[in-house]
Amino acid sequence: MAALQPVRGTHDLLPDEARRHRHVEERAFAITSLYGFGEIVTPIFEFTDVFARTLGDTSDIVTKEMYTFTDKGGDSLTLRPEGTAGVCRAFISGGLAQHLPLKLFYRGPMFRHERPQKGRLRQFHQVGVELLGVEKPDADVEVIAMARHLLDDLGIGSHTTLEMNTLGDVESREAYRKELVAYLSDHLGGLSEDSRNRLAKNPLRILDSKDDGDRKIVANAPLLSQHLNEASRDFFAKVQEGLNALDVPFSVNERLVRGLDYYGHTAFEFTTTALGSQGTVLAGGRYDTLISTMGGPQTPGIGWAAGVERLSMLSAELGQQMEPPPRPVALLPMGEAAQRHALKLSGQLRRLGIAVEMGYSGNLGKRMKRADKARASTAVILGDDELAKGVATVRDLDSGSQEEVALEALVSRLRGK
RNA sequence: GCGGGCGUAGCUCAGUUGGUUAGAGCGCCAGGUUGUGGUCUUGGAUGUCGUCGGUUCGAAUCCGAUCGCUCGCCCCA
């Protein structure tokens, strides 16, 4: 037990859990397909710069959570902590600008070196989307509605709520930032240590602080919404109108600030109370400056990412039933001639799309037991007696009734089941 | 990175104020039924009591360290 342990914060997915996990990914893929998204697969590691430059020098991800290592060639590489930076890098290196607008879906493992908790692992999985090349608020509406659609599809829609905010465009944000810093500087003494550190680097984050002292100060702080220029205000209004038109409920949370530097305009977050303190289930926002910052052509983007483990836990806890895998037919050959015959039969049946479970060894009783455990619907007993008569015994495992069926008729008989 | 709780069989857990051979249920294996499962019944196996060290005549039990899990903080999916 102590000898061989998985690396801290990593987790094996055994078949039952893996199935649920896969279900989430497949539904996400299916739903996003309905909106015209196609899958992109990017490497799980990139040059460290890809993340360090884009996520922001002050983000927690960059300062303390990255899995960074030096490879044999001396390059600094990092296991991807999130998906957007890699997708944008692929967009630039692949010269995809000529295919805009681009709707991309991705899924796969992400890595963050932090203290594991319920719904938080060091290797975890996300599904996410990026819509590139559309600067109009229609894109925001579509992408957010799609997120709602997915959560509903997974049966957790009623347990999640959508909060949104706008961070405005660069001009609005800079103007606000100045005023916020001025206000907070006047109240420096009351701020927590964390927040004092954030003041110079990323003051907007202080709005989101959970520290009581900070909250009191923040309560009277100037609001971003009052510093939005007309374009930013108009943009946010259009997003809200669109969501209303689609009957996607939301509330505006002025203190919602995303953790990564590249966001502007729309920021949103679907949260739940059913997962302890890890309440965020799906989150995203607009990033119109990211690609150009990375050295690509000025290209607007909006996207979101969702934690597969969190979605999977939620759908499990809320009792959404998984479709069980198909029930197999169990073949129970007794004797060598029967074994050969059953082997052939298993091949035929499987090629017809019928699941087959073949007992590897043991007497009939043991094989029956295994057939039962495999949830087989039917057991086909093939012994020397039967073979000599040119028949097989077909037993219905639910009713317990059985009959002899001619070998020639066996395949069509089992197919009919 | 910081704080609290917890590590006993494959799983869920019990184990009295330290006292001899460490228990239950479930699961697993075998018999009852040498070719008939799911029910029933009888029996059986399985533990470096997370690890290392300390206190003690004696430690699963007390102390320390360490590893892991877990909950919360920070932050996030």
Side-chain angles (χ1 to χ4, degrees), chain A residues 1-11 14 24 28 55 58-65 81-84 107-128 147 160 192-195 197-198 202 205 208-212 214 257-260 269-272 275-284 303-314 330 332-335 338 357 359 362-387 392-402:
Chain A
M1 201 169 174
L4 264 189
Q5 286 174 333
V7 173
R8 180 173 211 190
T10 66
H11 212 287
L14 272 33
V24 170
L55 300 178
T58 62
S59 70
D60 276 37
I61 291 185
V62 171
T63 55
K64 60 180 200 192
E65 294 172 3
E82 55 99 46
T84 302
R107 58 175 135 194
M110 305 292 164
F111 305 84
R112 290 184 200 172
H113 193 279
E114 44 186 357
R115 190 81 172 260
Q117 251 180 78
K118 180 175 189 173
R120 166 197 277 180
L121 297 166
R122 288 184 171 182
Q123 174 175 338
F124 61 107
H125 298 78
Q126 287 187 333
V127 291
T160 53
S192 67
E193 197 184 324
D194 280 346
S195 290
N197 286 331
R198 284 187 285 220
N202 196 348
R205 300 246 38 153
D208 209 20
S209 172
K210 276 146 200 149
D211 180 86
D212 281 344
D214 290 350
V257 179
R258 310 266 50 239
L260 309 178
E269 205 170 278
F270 286 85
T271 57
T272 180
L275 282 182
S277 63
Q278 307 305 313
T280 305
V281 144
L282 184 155
W304 50 251
V308 174
E309 282 80 4
R310 292 184 185 176
L311 293 177
S312 167
M313 282 173 93
L314 270 181
L332 288 67
M334 303 301 294
E357 204 46 57
N363 58 28
L364 191 60
K366 194 178 271 185
R367 291 182 190 218
M368 283 294 279
K369 207 171 261 185
R370 287 205 200 103
D372 196 61
K373 199 165 252 181
R375 302 168 37 258
S377 54
T378 310
V380 177
I381 300 163
L382 204 54
D384 294 336
D385 309 351
E386 281 97 342
L387 223 44
T393 299
V394 175
R395 180 179 178 88
D396 183 310
L397 290 177
D398 293 329
S399 67
S401 64
Q402 64 184 46

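This is a predicted model, so every value here is computed, not measured. Naming convention: chains lettered A, B, ... in sequence-line order (proteins, then strands); numbering from 1 in each chain.
The separation of G54(B) from C74(B), taken at their C1' atoms, amounts to 36 Å, rounded to a whole angstrom. Comparing G23(B) with G15(B), their C1' atoms sit 7 Å apart, to the nearest whole Å. Only the P atoms considered, U56(B) is 22 Å distant from C49(B), to the nearest whole Å. Spacing of P atoms, A9(B) relative to A14(B), comes out at 12 Å, to the nearest Å. Spacing of C1' atoms, G44(B) relative to G58(B), comes out at 33 Å, to the nearest Å.
Remark: P of C2(B) and CD of Glu114(A) are 15 Å apart, rounded to the nearest angstrom. In this structure, the CG atom of Leu14(A) is 12 Å from the C1' atom of G10(B), given to the nearest Å. For Arg122(A) and C76(B), the CZ to C1' distance is 14 Å, given to the nearest whole Å. We find that NZ of Lys118(A) is positioned 8 Å from P of G72(B), with the value rounded to whole Å. Rounded to an integer number of Å, the gap from Met334(A) CE to U36(B) P is 9 Å. One can place CE of Met368(A) at 17 Å from P of U33(B), the figure rounded to the nearest angstrom. Rounding to whole angstrom units, NE2 of residue His125(A) and C1' of A77(B) are separated by 12 Å. For the pair Glu357(A) CD and G37(B) C1', the computed distance is 14 Å after rounding to whole Å.
For Arg367(A) and G37(B), a side-chain-to-base donor-acceptor distance below 3.5 Å is absent, hydrogens and geometry of angles not being considered. Put simply, the side chain of Asp372(A) and the base of G37(B) share a donor and an acceptor less than 3.5 Å apart. Evaluation of atom-type donor-acceptor distances gives a pair under 3.5 Å for the side chain of Arg112(A) against the base of A77(B). Judged by atom type and distance alone, Glu65(A) does not reach the base of G1(B) through any side-chain donor-acceptor pair under 3.5 Å. A donor N or O paired with an acceptor N or O is not found under 3.5 Å between the base of A77(B) and the side-chain atoms of Glu269(A).
In this structure Pro116(A) satisfies the side-chain contact (heavy atoms from CB on, under 4.5 Å) test together with Arg8(A), Arg122(A), sequence neighbours excluded. Residues meeting the side-chain hydrogen bond (donor to acceptor under 3.5 Å, both in side chains) test with Arg120(A), sequence neighbours left out: none. In terms of the side-chain hydrogen bond (donor to acceptor under 3.5 Å, both in side chains) criterion, residue partners of Thr84(A) (sequence neighbours excluded) are, by chain and number, Glu130(A). Partners of His113(A) according to the ring pair (Phe, Tyr, Trp, His ring centres under 6.0 Å) rule, which considers only residues two or more places apart in sequence or in another chain, are Tyr67(A). Lys366(A) meets the salt bridge (Lys or Arg N to Asp or Glu O under 4.0 Å) test with no other residue; sequence neighbours excluded. Every residue was checked against the side-chain hydrogen bond (donor to acceptor under 3.5 Å, both in side chains) condition with Arg112(A), not counting sequence neighbours, and none meets it. Among residues two or more places apart in sequence or in another chain, the side-chain hydrogen bond (donor to acceptor under 3.5 Å, both in side chains) test is passed with Gln402(A) by Arg395(A). Remark: Ala28(A) engages Phe105(A), Val127(A), Leu150(A) in a side-chain contact (heavy atoms from CB on, under 4.5 Å) (not counting sequence neighbours).
Relative to the side chain of Pro116(A), the nucleotides G35(B), U70(B), U36(B) differ in distance, and U70(B) lies closest. Distance from the side chain of Leu364(A) is smallest to U36(B) among C74(B), U36(B), C2(B).
Comparing Ser399(A) and His113(A) along RNA chain B, the residue whose closest nucleotide (by nearest heavy atom) sits nearer the 5' end is His113(A). Residues Asp398(A) and Thr393(A) both approach RNA chain B. Their nearest nucleotides, taken by heavy-atom distance, put Thr393(A) toward the 5′ side.
Within residues 304-312 of chain A, the residues that place at least one heavy atom under 4.0 Å from RNA chain B are, in residue-number order, Ala305(A), Gly307(A), Arg310(A).
Phosphate contact (OP1/OP2 of U36(B), side-chain N/O of Gln402(A), threshold under 4.0 Å): absent. A close approach under 4.0 Å does occur between a side-chain nitrogen or oxygen of Arg8(A) and OP1 or OP2 of C69(B).
Residue contacts for Gly400(A): at a heavy-atom cut-off of 4.0 Å it reaches a base atom on one of the strands shown. When heavy atoms are screened at a 4.0 angstrom cut-off, Gly335(A) is found touching no nucleic acid atom at all. Using a 4.0 Å heavy-atom cutoff across all strands shown, Leu382(A) reaches no nucleic acid atom at all. Base engagement by Gln117(A) is indicated by at least one non-hydrogen atom pair under 4.0 Å involving a base atom.
Leu364(A) is listed as a side-chain neighbour of Leu332(A), based on a closest heavy-atom distance under 4.5 Å. Side-chain contact between His125(A) and Glu309(A) is present, with at least one heavy-atom pair separated by less than 4.5 Å. Using a 4.5 Å heavy-atom threshold, the side chains of Thr378(A) and Asp396(A) count as separate. Contact check for Met110(A) versus Pro81(A): no side-chain heavy atoms found under the 4.5 Å cut-off.
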Problem - Dot-bracket summary - RNA chain B, pairs being Watson-Crick or G-U whose distances fall under 3.5 Å, with | when paired to another strand - result: (((((((..((((.....[...)))).(((((.......))))).....(((((..]....))))))))))))....
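For the residue pair Phe111(A) and Phe124(A), the shortest heavy atom distance occurs at N-CE2, 4.1 Å.
The salt bridge (charged side-chain N to carboxylate O under 4.0 Å, His left out) analysis of residues 374-386 of chain A, with sequence neighbours excluded, yields no pairs.
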Return the polar atom pairs (N/O with N/O) between nucleotides 29-31 of chain B and the protein under 3.5 Å, or none.
| residue | atom | partner | partner atom | Å |
| --- | --- | --- | --- | --- |
| A30(B) | OP1 | Lys366(A) | NZ | 2.4 |

